[in-house]
Amino acid sequence: MNIVFQTPRLTLRQLTEADAPLIFALNSDPVVLKYLHEPLLENEEHAAQIIRDIILPQYQHKLGRWAIHLKENNEFIGWCGLKYRPELDEIDLGYRLIQKAWGKGYATEAAQYSLAHGFNILNLKMITGRAHIENIASIKVLEKIGMDFIGEGIVDDCPVRTYTKAKPNA
């Protein structure tokens, strides 16, 4: 297991193609995808393709979406991480958790440590986070971790609130 970092309650590690069943379960829940304007995954092969084509290439640059596991029992609860979006020329902070992990502070904890990893280990200068304008829980995560609201707009055909955070003392 290639661990990226740990938090008090979580372990974040790189995903592998063997994680296709986990990603399929996460991305085939319509409630999880409610605000994301993404199609539900139809099978594990599609999940494996997403891992191969989208997630794994980011690891070459030490970025990526990282699997989140609870330290107490190693249960997979979702992913969090930093991804370069060339079409926007920005580093995007993202997170997605299974429903039973909602409301427990895991997204906030993983996102906070992802920001710190981005600034302190990867020496990034700016990180952007976005949430659908109706996704109050996700907006609260971005605000709790100290990101600054910069405006609303349409990104990927989705109405979003955009937040940024610059590296401290940059």
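- Remark: Asn120 engages no residue in a side-chain hydrogen bond (donor to acceptor under 3.5 Å, both in side chains) (not counting sequence neighbours).
- Lys167 places a side-chain N or O within donor-acceptor distance of the main-chain N or O of Phe119, the cut-off being under 3.5 Å.
- Linking Ile, Leu, Val, Met, Phe, Trp and Tyr whenever their side-chain heavy atoms come within less than 4.5 Å puts Leu36 and Val31 in one cluster.
- Between the side chain of Trp102 and the main chain of Leu97, a donor-acceptor pair closer than 3.5 Å is present.
- Residues Leu88, Val160 make up the rest of the hydrophobic cluster containing Val155, defined by ILVMFWY side-chain heavy atoms closer than 4.5 Å, directly or through other members.
- Using a cutoff of 4.0 Å between basic side-chain nitrogens and carboxylate oxygens, Lys34 and Asp29 are not scored as salt-bridged.
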message: Evaluate Ser114 against Tyr95 for side-chain hydrogen bond (donor to acceptor under 3.5 Å, both in side chains), listing each step before the verdict.
response: CA-CA 10 Å; Ser114 292; Tyr95 38 87; over 6 Å; no
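- The nearest pair of heavy atoms linking Pro39 to Leu33 is O-CD1, 3.8 Å.
- What you find for Pro57 and Asp53 is that their closest heavy atoms are CG-O, 3.4 Å.
- Between Arg161 and Glu152, the shortest heavy-atom distance links the atoms NH1-OE2, 3.4 Å.
- Residues that satisfy the ring-ring contact (aromatic ring centres under 6.0 Å, His included) test with Phe149, not counting sequence neighbours, are Tyr163.
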task: Starting from the C-alpha separation in whole Å, work towards a yes-or-no answer on side chain to side chain contact (heavy atoms under 4.5 Å, CB included) for Ile23 and Glu44.
output: CA-CA 8 Å; Ile23 297 302; Glu44 289 182 11; over 6 Å; no
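- Asn43 CG to Ser28 OG: the interatomic distance, rounded to the nearest 0.5 Å, is 10.0 Å.
- Checked against side-chain hydrogen bond (donor to acceptor under 3.5 Å, both in side chains), Thr7 has the following partners two or more places apart in sequence or in another chain: Glu109.
- Residues Val4 and Ile54 fall within the same hydrophobic cluster, defined by Ile, Leu, Val, Met, Phe, Trp and Tyr side chains chained together at heavy-atom separations under 4.5 Å.
- At least one donor-acceptor pair under 3.5 Å links the side chain of Arg65 to the backbone N or O of Gly81.
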message: Assess the residue pair Asn2 and Arg13 against the criterion (side chain to side chain contact (heavy atoms under 4.5 Å, CB included)); give the C-alpha distance rounded to whole Å, side-chain angles, the decisive distance to 0.1 Å, and a yes or no.
response: CA-CA 5 Å; Asn2 192 346; Arg13 66 163 177 88; 5.7 Å; no
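- Closest approach of Cys80 to Leu93, counting heavy atoms only: SG-CD1, 4.3 Å.
- Distance OG1/Thr11 to CG/Leu70: 9.0 Å, rounded to 0.5 Å.
- Taking both residues in full, the closest heavy atoms of Ala20 and Ile51 are given as N-CD1, 3.7 Å, listed atom of the first, atom of the second, then distance.
- Atoms CD1 and CD1, from Ile145 and Ile127 in turn, are 8.5 Å apart once rounded to the nearest 0.5 Å.
- Hydrophobic clustering, with ILVMFWY side chains joined whenever heavy atoms are under 4.5 angstrom apart, groups Ile121 together with Phe5.
- With values rounded to the nearest 0.5 angstrom, Ile150 atom CD1 is found 6.5 Å from Thr128 atom OG1.
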- request: In sequence, state the C-alpha distance, the side-chain angles, and the governing distance for Gln99 and Val32, and then conclude on side chain to side chain contact (heavy atoms under 4.5 Å, CB included).
  value: CA-CA 7 Å; Gln99 286 188 62; Val32 169; 4.1 Å; yes
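- Cluster annotation: Tyr35 and Tyr106 are assigned to distinct hydrophobic clusters (Ile/Leu/Val/Met/Phe/Trp/Tyr, side-chain heavy-atom contacts under 4.5 Å, transitive).
- Salt-bridge annotation for Glu45 and Arg52: present, with a side-chain N of the basic residue lying under 4.0 Å from a carboxylate O of the acidic one.
- Taking the ring-ring contact (aromatic ring centres under 6.0 Å, His included) definition, one finds that His69 meets it with Phe76, sequence neighbours left out.
- Two residues are said to be in side-chain contact when any heavy atoms from C-beta on lie closer than 4.5 Å; Met147 and Lys165 meet this criterion.
- Considering CG of Leu26 and CD1 of Ile68, their distance stands at 9.5 Å, rounded to 0.5 Å.
- Scanning all heavy atoms of the two residues, the minimum distance from Val141 to Ala111 falls at CG1-CB, 4.0 Å.
- How far CD1 of Ile55 is from CD of Glu17: 10.5 Å, rounded to the nearest 0.5 Å.
- A donor-acceptor pair shorter than 3.5 Å can be found between the side chains of Asp89 and Tyr84.
- Under a 3.5 Å cut-off, the side chain of His132 and the backbone N or O of Glu134 do form a donor-acceptor pair.
- For Tyr113, the ring-ring contact (aromatic ring centres under 6.0 Å, His included) criterion is met by no residue, not counting sequence neighbours.
- The local environment of CG in Asn73 is crowded, with over 12 non-hydrogen atoms from other residues, nucleotides or ligands closer than 6.0 Å.
- Under a 3.5 Å cut-off, the side chain of Gln14 and the backbone N or O of Trp66 do not form any donor-acceptor pair.
- No continuous path of hydrophobic side-chain contacts links Ile3 to Leu10 [ILVMFWY only; heavy atoms under 4.5 Å].
- Not a single donor-acceptor pair under 3.5 Å links the side chain of Asp19 to the backbone N or O of Leu22.
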task: Verify side chain to side chain contact (heavy atoms under 4.5 Å, CB included) between Leu63 and Lys83, making sure each step is shown before the conclusion.
output: CA-CA 6 Å; Leu63 298 169; Lys83 177 173 95 172; 5.9 Å; no
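- Taking the charged nitrogens against the carboxylate oxygens, Lys100 and Glu75 do have a contact shorter than 4.0 Å, which makes a salt bridge.
- Counting only N and O atoms by type, the side chains of Asn27 and Arg96 include a donor and acceptor under 3.5 Å apart.
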